Each structure stands twice: as C-alpha cells, then as structure tokens.
2 protein chains.
Amino acid sequence: MSREIRRTMPLLSMNIVMQLTELSARQIRYYEEHHLIEPHRTEGNRRMFSLNDVDTLLEIKDYLEQGMNMAKIKKLFAKKNEPVSTDEPNLSDSELRRIMREEMLQAQRMQKSSIRRGDLSRFY
Amino acid sequence: MSREIRRTMPLLSMNIVMQLTELSARQIRYYEEHHLIEPHRTEGNRRMFSLNDVDTLLEIKDYLEQGMNMAKIKKLFAKKNEPVSTDEPNLSDSELRRIMREEMLQAQRMQKSSIRRGDLSRFY
DNA sequence: TATTCCATGTTAGGAAACCTTACATGAACT
DNA sequence: AGTTCATGTAAGGTTTCCTAACATGGAATA
C-alpha cells in the first residue's frame, strides 16, 4: 500500500492531533474555517484527521511562527494545490480501509514498547 | 522517525480500530482482558491503540476464525515473543496473506471518506 | 492616540464516544 | 443437563468533542 494512501486516511482524533502538532483545538478549528484543512467527519460529527492534515497543520504553524498571516498562508497553499486536475475514479472508504489492513498485515512486528504520553511531538 | 516508533505510537481511538479490524468494542476489550494487547490510556482513561495493536488484533481475529480458542492464541503469542528459534517456518505470513485476500472481497464500511478524488490516481 | 483587525482564549450547553460492570446468550464441550 | 467460552447488550457515568458566542491582547492603520 502506498505511502500516499496511508497519509490521506482519516485516522486521528482531535486529541492526538493536538499532541502531534502542539496546537490548540481552537487553532485547528480556526485553520479549518479558513479551508486550509478539511478533516473528515464521523457520523457523530467528530473530526477525523489524516497524517497529511497533521503535516499541513505543522506547516501552517511554522508559517505563522515566521510572521506570515492567514491571508498569505492561504495564497501559498492555493498555489501549491493548483496545477493537477483530472477526473479519476473514486475509491470507496471500505476499499481504503481494506488497503490499510493489508498494509498492516504485511508488517513484521516483533515486540512492543510503550511510548509515554508527551513523547509524540518530539518524534514527529 | 523510526518505523518502530511509528508503529508503537498510540494514535488510534477505539472507533477507528473497530473499523480497521472489523471487530466490536466488546471483542477488543475482551482481548485486552486476556493481555493480548495493552493499549495506552489517555488521562481520561480512553484507550489509544498503536498500529502494532491493530496488527495484533487482526492476527487474533484470524486465529479465532480458524477455530483456535483464546488459550491457544495466548500460548501462540507467548511463543512468538520468545527468543528467536532457528528452525520453524513462520506460518503467519501465508495466513496473513489469506486474510488479506478474504478481506479484499469484503466491503461496506460506514464512514464516508474525506479523501478527495485525485489523491489516489497516481497509484492505481 | 484611538480604532479596527486578527489569531487565539475561554465559557456554556449539548451531543457523541467511551468507560466499567453486570447480566444474557448460544454454541461447544464434558 | 451443566459448564465454559466468546460475544452481545444494557445501564449509568465520565470524557471528549461540538458549535456558538463573547473576550482579549498585539499589530496594523486611521
């Protein structure tokens, strides 16, 4: 399974994205308001983020820390996402999850070790 | 970030693990009771699973479908985590591939995907 | 300087998701 | 028939997340 697919699957809840990005929920929702990310929603309306969303958030964070404002960031992202456009077939969600499972099955994992809360942002 | 760390990070909530594994919450908790997985907990006592946990759950599921009971599965996992043995072939590879094939034929998940058309075209 | 704007904090009220515990059930053994 | 096993289900409680609204402090601007 390709890396890209893995990275676009909506796997992560708000809680964990806050930890991975060290952003507040308010900030994350604000950036969504500005259409910089568009997280998936569960049936119950909970946001579910992909790893790509996390990447984007980290990028936004970085730009803001550099003094860029939302308007500029928006333009920057607009340019980034512009060029490619074709009409391709869509894959169903179930297919995506199937692919995900496949990938996981192939992994040869041997041992677990637990990671303490708070370690995540350091490693990401 | 190393692969090991990626796979042991507790990123996933119950909800998404149920979807990835097609197991019920009851089942997942039951396997935890039997110490086959030990998901992390948030401060509020919510389970957070790693990709390795998902992997383990899929393995359990397969064994159960093959008619194995928990006692045997436990022993199997115990052996697996023992120091490496030189002779015996790894049967889980072919088994895993079998599950994969089975699951490919399956479908119908509940959640709609946030993955936009275009993201997958490069890979299919 | 005063005003407005921007990015974020905070609070409130409600809903969804998850928790544990306990009891129910049907299939497979004994 | 009784027991065990794996799972379902229900109840009652807690945590996490939601939206909406208002608050705020610093920057930009009039």
Side-chain angles (χ1 to χ4, degrees), chain A residues 10-50 53-54 56-77 97 117-118 120, chain B residues 10-50 53-54 56-77 99 109-112 114:
Chain A
L11 294 173
L12 309 174
S13 55
M14 178 58 88
N15 152 338
I16 203 70
V17 172
M18 289 171 63
Q19 290 179 57
L20 289 171
T21 60
E22 292 178 321
L23 293 168
S24 70
R26 182 67 170 93
Q27 287 175 297
I28 294 169
R29 295 190 192 114
Y30 184 69
Y31 307 150
E32 179 186 2
E33 252 177 58
H34 284 266
H35 305 98
L36 295 178
I37 54 172
E38 296 187 3
H40 179 74
R41 298 294 183 120
T42 67
E43 281 189 10
N45 202 34
R46 254 63 195 242
R47 288 173 182 81
M48 293 297 290
F49 302 85
S50 68
D53 289 331
V54 173
T56 301
L57 289 170
L58 289 170
E59 226 178 315
I60 294 168
K61 189 185 178 188
D62 189 40
Y63 291 144
L64 284 169
E65 280 167 1
Q66 288 176 31
M68 209 174 292
N69 64 18
M70 294 296 291
K72 281 179 190 168
I73 295 175
K74 274 193 200 179
K75 283 178 193 168
L76 219 163
F77 275 77
R97 257 189 282 282
R117 184 152 300 280
L120 300 180
Chain B
L11 294 172
L12 309 174
S13 54
M14 177 58 87
N15 155 341
I16 202 71
V17 172
M18 290 171 64
Q19 291 177 57
L20 289 171
T21 61
E22 293 179 321
L23 293 168
S24 69
R26 182 67 170 90
Q27 288 174 297
I28 294 169
R29 294 190 192 113
Y30 185 69
Y31 307 150
E32 178 185 2
E33 254 178 55
H34 284 266
H35 305 99
L36 296 177
I37 54 172
E38 297 187 3
H40 181 73
R41 299 291 184 124
T42 66
E43 281 188 10
N45 201 35
R46 254 63 196 240
R47 288 174 183 80
M48 293 298 289
F49 302 85
S50 68
D53 289 330
V54 174
T56 300
L57 289 170
L58 289 169
E59 230 179 312
I60 295 168
K61 188 186 178 189
D62 185 45
Y63 291 144
L64 286 169
E65 280 167 1
Q66 290 176 28
M68 209 175 290
N69 64 19
M70 295 295 292
K72 282 181 189 167
I73 294 175
K74 275 192 200 179
K75 283 180 193 168
L76 218 163
F77 275 76
I99 307 171
R109 297 265 59 72
M110 29 204 151
Q111 207 168 303
K112 288 165 204 155
S114 69

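In what follows, every heavy atom counts, from backbone to side chain, and hydrogens, waters and symmetry copies are set aside. Below, read A as the first sequence line, B as the second, and so on, with proteins coming before strands; counting in each chain starts at 1. Small disclaimer: the values here were computed from a predicted structure and weren't measured.
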4.5 Å side-chain heavy-atom contact, L20(B) and L11(A): yes
Return the value, rounded to whole Å, for the distance between atom CG of N69(B) and atom C1' of dA27(C). 14 Å
Within less than 4.0 Å of OP1 or OP2 of dA17(C), is there a side-chain N or O belonging to R41(A)? no
So, do M48(A) and L12(A) sit near enough that their side-chain heavy atoms are less than 4.5 Å apart? no
Charged N to carboxylate O below 4.0 Å: is that the case for R41(B) and E32(B)? yes
Interatomic distance where NE2 belongs to H34(A) and C1' belongs to dC6(C) [whole Å]: 8 Å
Among E59(B), Q66(B), M68(B), side-chain contact (heavy atoms from CB on, under 4.5 Å) partner for I73(B): M68(B)
Spatial distance of atom CD1 (I60(B)) from atom CG (L23(B)) [nearest 0.5 Å]: 8.0 Å
Integer-rounded Å distance: dC5(D) P and K72(B) NZ: 13 Å
Under 3.5 Å, which N/O atoms of the protein pair with N/O atoms of nucleotides 10-15 of chain D?
from	atom 1	to	atom 2	distance (Å)
dT15(D)	O4'	R46(B)	NH1	3.1
dT15(D)	O2	R46(B)	NH1	2.8
dT15(D)	O2	R46(B)	NH2	3.3

Spacing of I28(B) atom CD1 relative to dG8(D) atom P, expressed in whole Å: 11 Å
Between atom CD in Q19(A) and atom C1' in dT16(D), what is the gap in whole Å? 13 Å
Any protein N or O atoms within reach of nucleotides 8-11 of chain C? Criterion: under 3.5 Å, listing atom names and distances.
from	atom 1	to	atom 2	distance (Å)
dT8(C)	OP1	Q27(A)	NE2	3.0
dT8(C)	OP1	Y31(A)	OH	3.0
dT8(C)	OP2	Y31(A)	OH	2.8
dT8(C)	O4	R26(A)	NH2	3.1
dG9(C)	OP2	S24(A)	OG	2.5
dG9(C)	N7	R26(A)	NE	3.2
dG9(C)	O6	R26(A)	NE	3.3
dG9(C)	O6	R26(A)	NH2	3.0
dT10(C)	O4	R26(A)	NE	3.4

Does any non-hydrogen side-chain atom of M14(A) lie less than 4.5 Å from one of I28(A)? yes
I want to check one thing: is the phosphate of dC17(D), taken as OP1 and OP2, less than 4.0 Å away from some side-chain N or O of R47(A)? no
Once side chain to side chain donor-acceptor pair (under 3.5 Å) is applied, do any residues pair with K74(B), and if so which ones, sequence neighbours excluded? H34(B)
Rounded to the Å, how far apart are N15(B) CG and dC19(C) P? 11 Å
List the atom of Y30(B), the atom of M70(B), and the distance in Å for their closest heavy-atom pair. CE2-CG, 4.0 Å
May I ask you to say what R29(A) touches in the nucleic acid, namely base, sugar-phosphate or nothing, with a heavy-atom cut-off under 4.0 Å? base
